[in-house]
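This chain uses plain numbering: 1 for the first residue, then up along the sequence. Values below: every heavy atom of this structure, side chains too, minus hydrogens, waters and symmetry copies.
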Amino acid sequence: MHDIKWIREEPAGLIDALARRGNNSPEAKAAAEALVAKLLDLDTRRRETLTKLETLLARRNAASKEIGQAKAKKDEATASALMAEVAKLKEDVPALEAEAKSIEAELNGELAAIPNAPLAEVPQGADEHDNVERSSFGTPRTYSFPPKQHFEVGEGLGQMDFETAAKLSGARFVVNKGPLARLERALGQFFLDVHTGEHGYMEVNPPLMVRDEAMFGTAQLPKFKDDQFRATNEAELAELRTALWPADVETWTAETHWNYADLGEPPTNPAERSAAFWKYVAFKLKPDFDNASIEYNSRWLIPTAEVPLTNLVRESILSEEELPMRLTACTPCFRAEAGAAGRDTRGMIRQHQFTKVELVSITTPEKSAEEHERMLACAEAVLKKLDLAYRVVTLCTGDMGFASQKTYDIEVWLPGQNAYREISSCSVCGDFQARRMNARYRPAEGKGPRYVHTLNGSGVAVGRALVAVLETYQQENGSVAVPDALLPYMGGLQMIEKLK
């Protein structure tokens with residue numbers, strides 16, 4: 001989240017940042033200017049309202065003292081007039097407090113929806129076609145046979161089953177079994193061992209379900225709520241149903257119970273009310289952080305371990321001696337892939353559930369650029385040990401993530417697809433997430449607390465690493481050679497062959 005003080009003092013800075021994300025188009029520039037004007041207007045109104053409120057409170061306190069002084073002088077007329085004034089002030093204060101709270105909520109809502117500002121060195125561009133290659137490792141292998149895609153290899157081995165997964169959970173899930181399941185487990189363990197043993201990251205086993213506040217802190221909410229999975233509790237929903245659904249449909253009103261424009265007329269047929277309730281709940285419980293009237297103790301399945309790892313420092317003040325803090329975790333991840341319709345529908349490239357080893361760094365502003373380069377090198381190291389060909393690209397302004405100041409993507413070569421595909425993304429976020437989490441540190445020289453800088457990266461995606469190993473190490477007879485780096489994790493198995 002951006003600092004409104006910075007926007008107030010340097011509005012051109014945010015306008016330029018947002019215009020760059022829009023590839024400096026006239027439309028992006030105009031939209032940025034309009035947004036900044038709205039922010040400044042809200043900020044002015046907020047500060048003016050707070051000033052009025054402070055004036056009223058000061059006058060109320062002063063008048064209360066004057067009442068005592070007037071009564072001490074037995075000046076009942078003055079005392080009565082002052083008491084009437086205080087009574088009026090007591091009526092005016094709540095309304096002004098509500099107005100200030102409303103303006104601040106609107107301002108914070110606008111700020112929460114604004115992406116991070118790209119660093120000056122980030123290349124300008126509209127989309128992935130404008131990303132800039134930074135480096136590469138290895139040479140794509142050649143084969144004496146047409147290389148297959150990973151799902152053809154896995155299904156040929158009889159150890160990758162999408163059909164059964166669909167029966168269990170629907171599309172975009174997979175069941176891996178036998179040596180292939182062990183190979184997937186070996187990859188995650190190998191990545192963790194390298195990052196903890198050689199790169200100095202602390203392994204963490206975090207929760208897989210988090211609160212709204214944690215998702216907001218790392219900027220998955222509110223903007224990307226449609227890409228997330230929300231976990232619900234049946235008992236809580238039953239209580240909510242009782243609270244929100246009146247006994248008689250006739251008691252519904254558009255103002256308090258229903259939104260006719262979005263949901264249509266409330267049903268009168270009891271048989272239809274159950275389905276309508278869920279539609280209503282989905283509408284009412286949007287995580288917009290502006291509906292304090294409804295208490296709902298929901299959780300979110302983590303889309304990446306970045307969320308719990310980064311939020312470990314939320315609402316805290318660290319000492320500079322604790323930094324940099326380097327954390328890693330191997331966890332299942334869950335994504336709705338709401339915008340992926342028709343993309344990578346076959347195979348394991350884009351799944352609702354996948355495993356990933358995450359790297360998170362918490363550091364000082366002065367060290368964040370250096371830490372970004374270090375994190376990239378750590379992610380590259382595990383791919384080098386697996387002898388997988390890859391390239392590193394710097395994402396352009398139009399392809400960067402919402403919370404990122406600068407991002408490197410590592411794209412691994414997939415022979416079956418004859419293409420490079422992303423396997424890791426390493427981003428520096430500056431103090432963008434720290435402001436949302438209120439995560440700070442106290443400098444060693446004794447100055448006041450400052451916001452930390454946060455970084456995150458994949459070290460790397462286990463599922464996509466499995467894809468790369470299957471395609472890279474496939475043999476003409478359909479078997480798959482186990483990479484040397486993984487042999488210690490495979491119990492002596494050197495070749496994965498078709499199950500008999």
Side-chain angles (χ1 to χ4, degrees), residues 1-11 13-14 34-114 211-213 216-217 222 243 253-257 284 287-297 314-317 431 434-443 445-451:
M1 183 178 288
H2 294 286
D3 182 3
I4 187 61
K5 182 180 178 182
W6 169 68
I7 298 172
R8 188 189 313 139
E9 294 174 351
E10 298 182 42
L14 182 57
L35 175 60
V36 169
K38 181 177 182 179
L39 294 173
L40 294 177
D41 176 63
L42 286 169
D43 181 50
T44 298
R45 288 167 51 201
R46 177 183 64 90
R47 288 185 292 130
E48 289 176 347
T49 304
L50 289 174
T51 298
K52 290 179 184 177
L53 181 60
E54 290 171 359
T55 301
L56 284 186
L57 291 173
R59 178 55 195 154
R60 187 182 68 182
N61 292 337
S64 297
K65 292 181 181 179
E66 291 172 12
I67 291 172
Q69 294 169 355
K71 287 189 174 183
K73 297 177 181 179
K74 301 189 182 300
D75 186 351
E76 293 300 328
T78 300
S80 295
L82 288 169
M83 291 172 64
E85 181 184 0
V86 168
K88 179 65 168 57
L89 289 171
K90 285 183 177 180
E91 291 179 1
D92 293 342
V93 164
L96 209 52
E97 287 176 334
E99 182 181 354
K101 184 177 180 181
S102 174
I103 295 172
E104 184 152 16
E106 184 177 358
L107 176 60
N108 288 337
E110 293 288 344
L111 289 171
I114 301 172
R211 296 178 179 271
D212 289 357
E213 294 86 352
F216 178 81
T253 66
E255 291 75 19
T256 60
H257 293 110
K284 288 293 285 186
D288 290 339
F289 303 96
D290 61 358
N291 194 347
S293 63
I294 293 181
E295 294 293 334
Y296 183 59
N297 197 25
R314 70 175 295 110
E315 298 172 2
S316 62
I317 301 178
D431 63 5
R435 288 183 178 278
R436 299 168 81 99
M437 298 185 300
N438 193 24
R440 296 173 291 167
Y441 77 101
R442 198 176 302 280
E445 63 270 20
K447 295 181 181 178
R450 302 172 66 193
Y451 286 107

Undergrad: What side-chain donor-acceptor pairs closer than 3.5 Å can you find for residues 89-99, not counting sequence neighbours?
TA:
from	atom 1	to	atom 2	distance (Å)
D92	OD1	K88	NZ	3.0
D92	OD2	K88	NZ	2.8

Undergrad: How far does CD1 of I4 sit from CG of L42, to the nearest 0.5 angstrom?
TA: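 Spacing of CD1 (I4) from CG (L42) equals 8.0 Å.
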Undergrad: Of all heavy-atom pairs between L82 and A70, which one has the smallest distance, and what is that distance?
TA: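 That closest heavy-atom pairing would be CD1-CB, 4.4 Å.
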Undergrad: When you look at L111 and I7, which way does the side-chain contact (heavy atoms from CB on, under 4.5 Å) test go after all the steps?
TA: CA-CA 10 Å; L111 289 171; I7 298 172; 3.7 Å; yes
Undergrad: Look up atom CD1 in I103 and atom OG1 in T44, then write down how far apart they are to the nearest 0.5 Å.
TA: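 Separation between the atoms: 10.5 Å.
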Undergrad: Considering non-hydrogen atoms only, spot the tightest contact between Y441 and Y451 and give its length.
TA: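 So the two residues come closest at CE2-O, 3.8 Å.
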Undergrad: Give me each pair satisfying salt bridge (charged side-chain N to carboxylate O under 4.0 Å, His left out) with a member in residues 49-70, each pair once, sequence neighbours excluded.
TA: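 For residues 49-70, and leaving out neighbouring residues, the salt bridge (charged side-chain N to carboxylate O under 4.0 Å, His left out) pairs sorted by first residue read R59-E66, R59-E85.
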Undergrad: How would you list all residue pairs meeting side chain to side chain donor-acceptor pair (under 3.5 Å) that involve residues 69-82, not counting sequence neighbours?
TA: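 Sorted result for residues 69-82: D75-T78.
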Undergrad: Quick one: CD1 on I317 to CG on N438, what's the gap to the nearest 0.5 Å?
TA: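 If I round to the nearest 0.5 Å, the distance is 7.5 Å.
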Undergrad: Could you pull out all residues at least two apart from R45 that satisfy side-chain hydrogen bond (donor to acceptor under 3.5 Å, both in side chains)?
TA: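 For R45 there are no side-chain hydrogen bond (donor to acceptor under 3.5 Å, both in side chains) partners, ignoring immediate neighbours.
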Undergrad: With sequence neighbours excluded, give me every side chain to side chain donor-acceptor pair (under 3.5 Å) pair touching residues 102-112.
TA: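 Qualifying pairs, neighbours excluded: K38-E110.
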Undergrad: Check G217 against R314 and note the closest heavy-atom contact, atom names and distance.
TA: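 Smallest heavy-atom distance, with atoms named: CA-NH1, 4.4 Å.
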Undergrad: Write down the atom of V36, the atom of P11, and the distance for their closest heavy-atom approach.
TA: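 In terms of heavy atoms, the two residues are closest at CG1-CB, 3.7 Å.
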Undergrad: For G448 and P443, which heavy atoms make the closest approach, and how far apart are they?
TA: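 In terms of heavy atoms, the two residues are closest at O-CD, 3.3 Å.
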Undergrad: Before giving the answer on side-chain contact (heavy atoms from CB on, under 4.5 Å), spell out for E213 and E315 the whole-Å C-alpha distance, their side-chain angles and the decisive distance to 0.1 Å.
TA: CA-CA 11 Å; E213 294 86 352; E315 298 172 2; 5.9 Å; no
Undergrad: For A112, check side chain to side chain contact (heavy atoms under 4.5 Å, CB included) against everything at least two apart and list the hits.
TA: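 Side chain to side chain contact (heavy atoms under 4.5 Å, CB included) list for A112, sorted by chain: M1, F216, P222, R436.
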Undergrad: Got a donor-acceptor contact below 3.5 angstrom from the N61 side chain to the L57 backbone?
TA: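 Yes, because the side chain of N61 sits within donor-acceptor range (under 3.5 Å) of the backbone of L57.
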